Amino acid sequence: ERYKNVVRHWEIWNEPDLDGFWGGYWGENGLVTGSGKANPGEYMELLKAGYAGAKDADPSAFVMTAGVSGAACMQDYQFDFIRAMYAQGAAEHSDALAVHPYALPRGPEFKSCERKLAGLRRLMAANGDAQKPIWFTETGWIGSGVLPASYAVRANVILAGVPHGGPIFYYNLRDSDTTKPDQQYGILRMDYTPKVAYGAYAAMTNMLEDAEFVAKWDLPAALRAYAFQRGSDCVVVAWNAADESVVLPTNLPERVIVHDLMGNATTHRAGIELGAAPIYLVVPEGVKLADVRRLLTDAQLPPPPLWAEGGTAMQSFEAEGWRCTLTLGQEFPGAQGELVRDTSTFRGGRSAARLSGDFEAGGGYIGLMETFPAPVALKAIRFWVKTASVDGVGLRLVDVTGQTHQWHLVLKETTDWQPVELHDLVSPHGHWGGVADGRWHGQASAMSILLTNTSILDGGKNATVWLDTAEVAP
C-alpha cells in the first residue's frame, strides 16, 4: 500500500530453489550456512501471501514468482521446483513466471537455452498457463573481453525471441569484488570504468529500441540470425555460435548498413565476416529480406574433414566390432542405464548402439565407453545420433598420455538421424589426468559418448539416444 503509486511490478523472493536463498545464507567460499533447505511448499505459502497482500493493497499490481536459479540455463531440479509450485497453486497466484536463464561459461547456444525455455512453456501450458509471460529477471556473463560481451548480446537477442517473453534484466551494473570471479558480472569494473560489455549492451539497446521480434532464420551449421522490425526497417542480428569467423560470399545489397558489436557502421560491402560477435544488418524498406537471408545461408563455411570410409577407424556399432561397455558415472551415484546393440533402429549397416538413462534416483551421466585395440590418429571426429529426448551429448577422448578431454556437443532440434561433428580437439570444455595440460596429444586410446541429466528435455529424468558410425579424419 505504501508503494502502490511508485511500484507496480513485484517479484516475490529470489531463487527459492537454492538452499542459500531459502532458510540459509551464502557464507565464505560459496558455502551455505543455516539449516533451511529449498522447499517449494514453503515458498508457495509465501507467494500466496505476497500475491494476496499486493492485490489487496493495489488491484493493479503485477505479481510474479521468484526467479528460479539458472545454472545451465534450466536444469532438472529447477523444472522439478516449478512443477511443485504449479501443483500447489502457482497459476492462480502469479501474473508472470520469472526465471534466471544463465548459460555460463560459454554462449547461450551451448546450453540450448531456447529448447529449455520451450520445455518450460510446455510445462506452463500443461498447467493452464500457456499465455502467461516469462520474465527474465537475471542473466549475465563473467569477464571483461569481447567474448563475454558477445555472449551477453546473443543471450538478450535469443530471449527477445521467446514467445510471450517479458523484460530481460541484465546482472549486473558493476563488479563487486576484484578477486572473486563470481562477483565480476558487471558491465562496469569496480572503479566504474566500462568493460566491452558496457558499449555492446548500449549498442544493442540502441539498435533494437522499439523493435519487435519477427523470426529466427534457419541457417547452416552454427550460424544464427534473428530478424526484428524497427519502424520501416528490419534489423537482422547475426553471428556464428561456433565462435569462429566465416565470410559472406558476395556483396551486401547496396542500401543495407552493417553495424558491429559496438554499433559502429561500416561502408564495406564485401568480405563481411560473421564470428562470435554479433553484427547488425539494417535492411531498409524496399530491400528484399530474402536476398539478405540468401547471403547468410551462402556464407563460406570451413570445408568439412575428409572422413574415413565406413566408420571402421573407430566404431561402426556392428556385431563384428562391438567393444562398447556401459558406465554409470560412479562419481555421481544414482544413475541407472542400459546399453544394447539395437538391430531395429540404425542408420547404416545392421545395428546401432542404444543408450538409455534413468536419473530418478540422481546421478550425473551414463555413457558408452570403448578402449581401442590400438591408438587412433585423428584431427576430427563425427558420429551419428538419433533422439527425441536430449538437446546435447557429451564426448570424452583419452589421448596417448592418459589425459581425458571432454566436450559438450549440441544437437539440432530433429528426431531424425543427425551428424555430430567435432573439428577442434585443441579446445576441450574440460580436461584431467595424464599430462593435464589441456592440449591434444595426437592419438586417441579411448572414447566415451555420454548422456547427461542436464541435457534431458523438459527437465525429464529418463532419456534414450541411438548412436551409429563413429568416423575420424586423421
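Reckoned from all heavy atoms, side chains included, excluding hydrogens, waters and symmetry mates. For clarity, every value in this text was computed on a predicted model and none was experimentally measured.
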Quiz: residues 444-452 side-chain donor-acceptor pairs under 3.5 angstrom, not counting sequence neighbours:
from: Ser445; atom 1: OG; to: Val398; atom 2: O; distance (Å): 3.3
from: Thr452; atom 1: OG1; to: Ser455; atom 2: OG; distance (Å): 3.0

Separation of Glu109 CD from Ile158 CD1 (nearest 0.5 Å): 4.5 Å
Using modelled atom types only, decide if a donor and an acceptor are shared between the side chain of Gln184 and the backbone of Thr178 within a distance under 3.5 Å. yes
Is Asp391 close to Arg115 at the side-chain level, that is, under 4.5 Å between some pair of heavy atoms? yes
Using modelled atom types only, decide if a donor and an acceptor are shared between the side chain of Glu114 and the backbone of Ala118 within a distance under 3.5 Å. no
Value rounded to 0.5 Å, distance of CD1 in Ile381 from NZ in Lys379: 15.5 Å
Without hydrogens or angle criteria, can the side chains of Glu370 and Thr325 be said to hold a donor-acceptor pair below 3.5 Å? no
Is Thr193 reaching over with its side chain to a backbone N or O of Arg189, donor-acceptor style, under 3.5 angstrom? no
Just checking, any donor-acceptor pair under 3.5 angstrom between side chains of Glu360 and Asn462? yes
Contacts of type ring-ring contact (aromatic ring centres under 6.0 Å, His included), residue Phe81, not counting sequence neighbours: none
Report the relative orientation of the aromatic rings in Phe317 and Trp322; use parallel for angles under 30°, tilted for 30 to 60°, perpendicular for over 60°. perpendicular
Intermediate values then yes/no, side chain to side chain contact (heavy atoms under 4.5 Å, CB included), Arg106 and Lys111: CA-CA 8 Å; Arg106 296 174 179 81; Lys111 300 297 185 181; over 6 Å; no
Using 30° and 60° as the class boundaries, would you call the ring planes of Trp440 and His405 parallel, tilted or perpendicular? perpendicular
Might you confirm whether atom CD of Glu285 has over 12 heavy atoms from other residues, nucleotides or ligands at distances under 6.0 Å? no
Go through the steps to decide whether Trp417 and Thr387 satisfy the test side chain to side chain contact (heavy atoms under 4.5 Å, CB included), and finish with yes or no. CA-CA 8 Å; Trp417 284 102; Thr387 183; over 6 Å; no
Rounding to 0.5 Å, atoms SG (Cys113) and CG (Leu159) come to a distance of 7.0 Å
Is the closest side-chain donor-acceptor distance between Arg341 and Ser351 under 3.5 Å? yes
Identified side-chain contact (heavy atoms from CB on, under 4.5 Å) partner of Trp407 from the options Val420, Leu397, Val393: Leu397
Do the side chain of Ser389 and the main chain of Thr464 share a donor and acceptor less than 3.5 angstrom apart? yes
Has Phe169 got more than 12 heavy atoms of other residues, nucleotides or ligands less than 6.0 Å from its CZ? yes
So that I can tick it off, tell me whether Asp291 and Arg294 are bridged by a salt bridge, with the cut-off set at under 4.0 angstrom between side-chain N and carboxylate O. yes
Are Asp243 and Tyr151 linked by a side-chain donor-acceptor pair shorter than 3.5 Å? yes
Decide yes or no for Arg154 and Arg224: does some side-chain heavy atom of the first lie under 4.5 Å from some side-chain heavy atom of the second? no
Between the side chains of Thr454 and Gln75, is a donor N or O closer than 3.5 angstrom to an acceptor N or O? no
Decide yes or no on side chain to side chain contact (heavy atoms under 4.5 Å, CB included) for Leu355 and Leu339, but give the supporting numbers first. CA-CA 5 Å; Leu355 183 64; Leu339 172 64; 4.3 Å; yes
Value for OG (Ser245) from CD (Gln300), rounded to nearest 0.5 Å, stands at 12.5 Å
Please, which pairs that meet salt bridge (charged side-chain N to carboxylate O under 4.0 Å, His left out) have at least one residue in residues 440-462, sequence neighbours excluded? Asp76-Lys461, Asp80-Lys461, Arg122-Asp458
Val153 and Pro278 have their tightest heavy-atom pair at CG1-CG, 3.9 Å
Test side-chain contact (heavy atoms from CB on, under 4.5 Å) applied to Leu219 and Leu274, Asn240, Leu296, the passing residue: Leu296
Spacing of Phe372 atom CZ and Gln315 atom CD [to the nearest 0.5 Å]: 8.0 Å
Partner residues of Tyr171 under the ring-ring contact (aromatic ring centres under 6.0 Å, His included) criterion, sequence neighbours left out: Tyr185
Please name the residue in the list Leu208, Ile279, Asn156 that meets the side-chain contact (heavy atoms from CB on, under 4.5 Å) test with Val237. Leu208
Has Gln78 got a side-chain atom pairing as donor or acceptor with Ser69's backbone, closer than 3.5 angstrom? yes
How about Trp384 and Phe346: are their ring centres within less than 6.0 Å of each other? no
Using modelled atom types only, decide if a donor and an acceptor are shared between the side chain of Lys195 and the backbone of Gly143 within a distance under 3.5 Å. yes
Side-chain donor-acceptor contact under 3.5 Å, Glu421 with His423: yes
Working for side-chain hydrogen bond (donor to acceptor under 3.5 Å, both in side chains), residues Gln403 and His431: CA-CA 7 Å; Gln403 180 177 201; His431 65 89; 3.2 Å; yes
With Tyr201 via ring-ring contact (aromatic ring centres under 6.0 Å, His included) - residues at least two apart: Tyr170
Between Arg230 (side chain only) and Glu209 (backbone N and O only), is there a donor and an acceptor less than 3.5 Å apart? no
May I ask you to decide if the ring planes of His100 and Tyr102 are parallel, tilted or perpendicular, using 30° and 60° as cut-offs? perpendicular
So, Asp342 versus Trp466: side-chain donor-acceptor pair below 3.5 Å or not? yes
Looking at side-chain heavy atoms only, is the closest gap between Arg293 and Leu289 below 4.5 Å? no
Yes or no on side chain to side chain contact (heavy atoms under 4.5 Å, CB included) for Thr343 and Arg350, after CA distance, side-chain angles and deciding distance? CA-CA 6 Å; Thr343 58; Arg350 300 180 302 279; 5.9 Å; no
Do the side-chain N and O atoms of Asp175 and Gln183 include a donor-acceptor pair separated by under 3.5 angstrom? no
So, does Lys386 use its side chain to make a donor-acceptor pair with the main chain of Thr415 at under 3.5 Å? yes
Anything under 30° is parallel, anything over 60° is perpendicular, the rest tilted; go ahead and classify Trp239 against Tyr226. parallel
Return yes if some donor-acceptor pair links the side-chain N/O of Asp17 with the main-chain N/O of Val68 below 3.5 Å, else return no. no
Quick check on Met262: does its CE atom have over 12 non-hydrogen neighbours (other residues, nucleotides or ligands) under 6.0 Å away? yes
Quick check on Glu320: does its CD atom have over 12 non-hydrogen neighbours (other residues, nucleotides or ligands) under 6.0 Å away? yes
Do Gln418 side-chain atoms and Lys412 backbone N/O form a donor-acceptor pair below 3.5 Å? yes
Once rounded to the nearest 0.5 Å, what's the spacing between atom CG of Leu120 and atom CZ of Phe79? 5.5 Å
Enumerate donor-acceptor pairs with a distance under 3.5 Å from any side-chain N or O in residues 327-336 to protein atoms, sequence neighbours excluded.
from: Thr327; atom 1: OG1; to: Gly329; atom 2: N; distance (Å): 3.2
from: Glu331; atom 1: OE1; to: Tyr365; atom 2: OH; distance (Å): 3.1
from: Glu331; atom 1: OE2; to: Tyr365; atom 2: OH; distance (Å): 2.8

